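One structure is given below, encoded as structure tokens.
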Protein chains: 2
Amino acid sequence: MSQRRIPEATVARLPRYLQVLVEAADAGQHTLSSDDLAKASGLTSAKVRKDLSFLGTYGTRGVGYTVAQLTTEISTVLGLSDDRPVVIIGIGNLGRALATYDGFTRRGFRVEALVDADPDKIGTRVGDLVVQAPQDLPSLVRDRGVTIAVLATPADRTQAVADDVVAAGMTAILNFAPGHLDVPDRITVRSVDLSTELQILSFYEQLSQVSAAAS
Amino acid sequence: MSQRRIPEATVARLPRYLQVLVEAADAGQHTLSSDDLAKASGLTSAKVRKDLSFLGTYGTRGVGYTVAQLTTEISTVLGLSDDRPVVIIGIGNLGRALATYDGFTRRGFRVEALVDADPDKIGTRVGDLVVQAPQDLPSLVRDRGVTIAVLATPADRTQAVADDVVAAGMTAILNFAPGHLDVPDRITVRSVDLSTELQILSFYEQLSQVSAAAS
DNA sequence: CTTTGTGAAATCCTTCACAGCG
DNA sequence: CGCTGTGAAGGATTTCACAAAG
């Protein structure tokens with residue numbers, strides 16, 4: 001029952017499964033049951049099975065899933081077959097941290113270039129890379145196949161930078177600046193706002209304090 | 001119709017509204033319609049109205065919502081009445097970036113302390129703060145009212161650090177390390193994994209490339 | 001005439017529970 | 001016997017569409 005449309009909620013969990021699988025492979029595990037996967041990722045086994053059923057029939061009844069096979073399958077579905085090149089734009093504190101973050105490297109991506117608009121930053125080195133100018137964006141797309149931009153620019157500059165990114169021909173943006181980005185439909189955008197996450201956390205913490213006090 | 005249980009999906013959007021409201025206030029706007037809010041946050045007006053209806057009846061028909069009033073209401077619901085103190089644990093590249101990130105400060109939080117287990121880092125300064133030892137966690141809770149921990153530790157140390165945080169009496173964790181954290185039910189956890197976000201983005205980018213090629 | 005607030009419909013997601021395969 | 005794969009049930013969320021308020 002392969003190749004159906006994969007639900008959004010499922011896509012959002014695939015990276016977790018992938019991570020558990022990679023760790024299991026490192027630990028020498030050959031197969032994992034849906035229950036193993038569930039325990040390691042904090043979910044229920046039914047959810048795991050449903051999720052994986054959208055990818056196709058990769059399990060063996062009575063046994064579980066083959067670690068190597070499922071790893072390949074999820075990587076393919078996520079489009080992680082090769083190291084995908086990304087450019088980080090905005091080399092402030094956060095941008096610098098992202099540039100040297102080894103998690104990207106270890107999980108299917110390669111930081112191919114760094115870009116900043118500040119003339120004082122252009123030409124400086126961060127890790128192995130030299131900061132380039134926004135004018136270089138089109139050539140990153142053309143000559144080096146970069147289609148994913150990670151934005152860590154100041155909030156008031158982000159829409160303008162996104163426009164440049166789109167004009168240069170990139171097709172996906174991971175945005176760390178607060179606020180909504182307006183881009184054409186063909187561009188894929190995901191936004192992660194660190195303060196927003198803290199605010200959501202704050203709500204639930206407050207809630208559990210209140211219900212604890214009531215008991 | 002105030003004080004019902006607020007759906008998770010709605011809670012996750014409240015910070016966006018809050019941000020739009022603050023910007024509108026800065027721009028001198030006195031009221032905003034659900035459509036204004038929707039356009040500024042990339043949603044539909046029906047969704048905005050439904051969301052806000054869970055907080056109570058704060059709009060005026062034919063006019064919209066009073067910026068100041070709604071700002072106060074959402075802040076209260078999210079528990080942002082005062083600057084909430086947070087501690088950042090794990091002062092690597094990411095931790096350092098978070099420590100100096102002014103977004104936290106501007107949106108209801110105060111970075112009250114920094115903690116790292118590395119003796120070489122303890123005692124060093126980052127911004128206005130001096131890095132402390134994990135042993136200081138209980139006193140941060142007791143003497144300075146810190147209940148929220150932001151974890152930016154290496155993946156293989158994170159569960160142990162989370163255990164310390166819980167033992168020290170904190171009640172909320174924002175986790176930036178990959179992988180699942182196991183904590184008691186009374187603790188509120190949110191995880192943000194930067195690589196996961198890129199992988200999800202990669203899936204949707206790939207998807208839109210495929211459908212574009214089909215046309 | 002504009003814009004809210006909301007039932008009702010439609011869609012999406014999770015959980016249940018069990019048939020069926022290895 | 002153990003574990004997957006999945007229909008069907010149950011919840012949650014989004015969208016629709018309109019009555020009512022200013």
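In what follows, chains carry the letters A, B, and so on, assigned in the order in which the sequence lines appear, proteins first and then strands, with residues in each chain numbered from 1. Please read these numbers as outputs of a predicted model, since none were measured by experiment.
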Next item on the list: State whether the side chain of S45(B) and the backbone N or O of S34(B) hold a donor-acceptor pair below 3.5 Å, judged by distance alone.
Entry: no

Notebook entry, point to check: Want to settle it: does V63(A) or R13(A) sit nearer the 5' end of DNA chain C, counting the closest nucleotide to each?
Noted result: R13(A)

Check: So, does the side chain of R61(B) form a donor-acceptor pair with the base of dT4(C) at under 3.5 Å?
Finding: yes

Check: Between atom CG in L52(A) and atom C1' in dC3(D), what is the gap in whole Å?
Finding: 13 Å

Next item on the list: Check whether any side-chain N or O of Q199(A) sits under 3.5 Å from a backbone N or O of R107(B) as a donor-acceptor pair, and report yes or no.
Entry: yes

Note to self: Salt bridge or not between K47(A) and D51(A)? Use side-chain N to carboxylate O under 4.0 Å.
What the structure shows: no

Note to self: Using whole Å, what does the distance between atom C1' of nucleotide dT4(C) and atom CG of L70(B) come to?
What the structure shows: 13 Å

Next item on the list: Residues of residues 35-46 of chain B with any non-hydrogen atom less than 4.0 angstrom from an atom of DNA chain C: list those, numerically ordered, please.
Entry: none

Next item on the list: Look at the side chain of T60(B) and the backbone N and O of V63(B), then say whether any donor-acceptor pair between them is shorter than 3.5 Å.
Entry: no

Note to self: Is it the case that the base of dG5(D) and the side chain of R49(A) share a donor-acceptor contact (distance under 3.5 Å, atom types as modelled)?
What the structure shows: yes

Notebook entry, point to check: Between D83(A) and T105(A), is any pair of side-chain heavy atoms under 4.5 Å apart?
Noted result: no

Notebook entry, point to check: Of all heavy-atom pairs between Y101(B) and F176(A), which one has the smallest distance, and what is that distance?
Noted result: OH-O, 4.5 Å

Checklist line | T60(A) or K50(A), whichever maps to the more 5' nucleotide of DNA chain C | finding: K50(A)

Note to self: Please determine whether a side-chain nitrogen or oxygen atom of S34(B) lies at a distance below 4.0 Å from atom OP1 or OP2 of dT4(C).
What the structure shows: yes

Next item on the list: Whole angstrom is fine here: how far is it from CZ in F54(A) over to P in dC13(C)?
Entry: 9 Å

Margin query: Check the phosphate of dG5(D) against Y65(A), side-chain N and O only, distance under 4.0 Å to OP1 or OP2. Yes or no?
Written below: yes

Check: Hey, does the side chain of Q206(A) reach the backbone of V77(B) with a donor-acceptor pair shorter than 3.5 angstrom?
Finding: yes

Next item on the list: When you get a sec, tell me which of dC13(C), dT15(D), dG22(D) is the closest nucleotide to the side chain of K47(B)?
Entry: dT15(D)

Check: Rounding to a whole Å, what distance do you find between L32(B):CG and dT2(C):C1'?
Finding: 15 Å

